[in-house]
Amino acid sequence: QMRSGMGGSDRIAKEMSEACSAESLRAEAGIAKCREKCEPVWCCVADEGPFSCRDSSPLFCGRYSPICGPILMSDVLYESEYEDLRDRGDSVGIVCSMKSVMTAAGLEACEEACSSAGCCFDDGGLRGCEDNDPSFCDEMKACAIL
């Protein structure tokens, strides 16, 4: 990890606060900017598990969780994304969304939904999946998060 002086982290905290202000979150572009700035903080709000960094990075999480935590834990950032997935009938996309896999139950649901999609991500190419149904791997692309 890169180490920076407190000045760098203060600047980052200020940028996060501005991007995630109530005013900013009123606009679609503001939500996108907040999501982008807070992306690294997801691991601080994750349940224990492979995606959690709460215990391993207490200083990082202590500094940025107060800014991003409430927003990441709410539905604000992912509501429109969730609606898009729901409208398309993308159940794999929903259970494998970043918000879902941050919980132990969500991660388990995603792993279960993706259990048959291994061939889409094997280094050996798409043999075995694509032969049967060309759209199968498209439907399973959300499994790449695992």
Side-chain angles (χ1 to χ4, degrees), residues 1-2 4 9 11-146:
Q1 282 187 352
M2 234 174 53
S4 64
S9 56
R11 182 181 52 75
I12 293 167
K14 185 174 186 287
E15 287 176 7
M16 282 179 180
S17 295
E18 287 171 4
C20 299
S21 68
E23 189 178 334
S24 176
L25 292 176
R26 286 194 203 114
E28 198 69 36
I31 292 171
K33 188 168 187 176
C34 177
R35 178 188 289 170
E36 181 188 320
K37 292 287 181 193
C38 287
E39 190 72 30
V41 184
W42 259 116
C43 64
C44 297
V45 297
D47 283 353
E48 291 173 17
F51 293 107
S52 180
C53 66
R54 229 181 331 201
D55 296 333
S56 60
S57 304
L59 293 174
F60 172 81
C61 290
R63 178 171 285 274
Y64 301 119
S65 286
I67 301 167
C68 295
I71 290 150
L72 292 175
M73 294 301 281
S74 76
D75 289 331
V76 170
L77 293 185
Y78 290 88
E79 209 166 292
S80 60
E81 181 180 46
Y82 178 84
E83 285 169 6
D84 289 346
L85 293 169
R86 191 192 59 212
D87 293 346
R88 287 203 312 263
D90 187 348
S91 58
V92 175
I94 292 169
V95 295
C96 294
S97 66
M98 182 62 82
K99 186 174 176 61
S100 175
V101 299
M102 284 301 155
T103 65
L107 180 61
E108 197 174 303
C110 178
E111 286 171 345
E112 192 175 308
C114 294
S115 61
S116 61
C119 54
C120 297
F121 301 98
D122 285 346
D123 291 340
L126 300 174
R127 287 185 306 277
C129 274
E130 294 280 73
D131 295 344
N132 304 335
D133 182 358
S135 64
F136 176 72
C137 288
D138 274 349
E139 291 168 21
M140 295 306 217
K141 65 179 180 267
C143 298
I145 196 166
L146 292 173

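Numbers here are sequence positions counted from 1. Computation of the quantities below employed the complete heavy-atom set of this structure, encompassing side-chain atoms and omitting hydrogens, waters and symmetry-equivalent molecules.
- The shortest side-chain heavy-atom distance between Ile12 and Arg63 does not fall under the 4.5 Å cut-off.
- Between Lys33 and Ala19, the shortest heavy-atom distance links the atoms CG-CB, 3.9 Å.
- Cys53 has its SG atom within less than 2.5 Å of the SG atom of Cys43.
- Cys68-Cys38 SG separation is under 2.5 Å; the pair is scored as a disulfide.
- Between atom CD of residue Glu39 and atom SG of residue Cys34 there is a gap of 10.5 Å, rounded to the nearest 0.5 Å.
- Using a 4.5 Å cut-off on side-chain heavy atoms (C-beta onward), Pro40 and Tyr64 make no contact.
- Remark: Glu108 CD is loosely packed, at most 12 non-hydrogen atoms of other residues, nucleotides or ligands lying under 6.0 Å away.
- Note that the CE atom of Met140 and the OG atom of Ser115 stand 7.0 Å from one another [nearest 0.5 Å].
- Across every non-hydrogen atom of Leu25 and Gly30, the tightest pair is CD2-O, 4.4 Å.
- Heavy atoms only, all atoms of each residue included: Val41 and Met16 are closest at CG2-CE, 3.6 Å.
- Checked for salt-bridge contact, Arg11 and Glu15 meet the test: a charged N lies under 4.0 Å from a carboxylate O.
- Rounding to the nearest 0.5 angstrom, the gap separating the CZ atom in Phe60 from the SG atom in Cys44 is 5.0 Å.
- Cys143 does not pair with Cys110 as a disulfide, the SG atoms being 2.5 Å or more apart.
- Closest heavy-atom contact between Ile67 and Ala13: CD1-O, 3.6 Å.
- For the atom pair CD of Glu111 and SG of Cys96, the computed distance is 9.0 Å after rounding to the nearest 0.5 Å.
- Minimum interatomic distance between Gly93 and Ala142 (heavy atoms only, all atoms of both residues): CA-CB, 3.6 Å.
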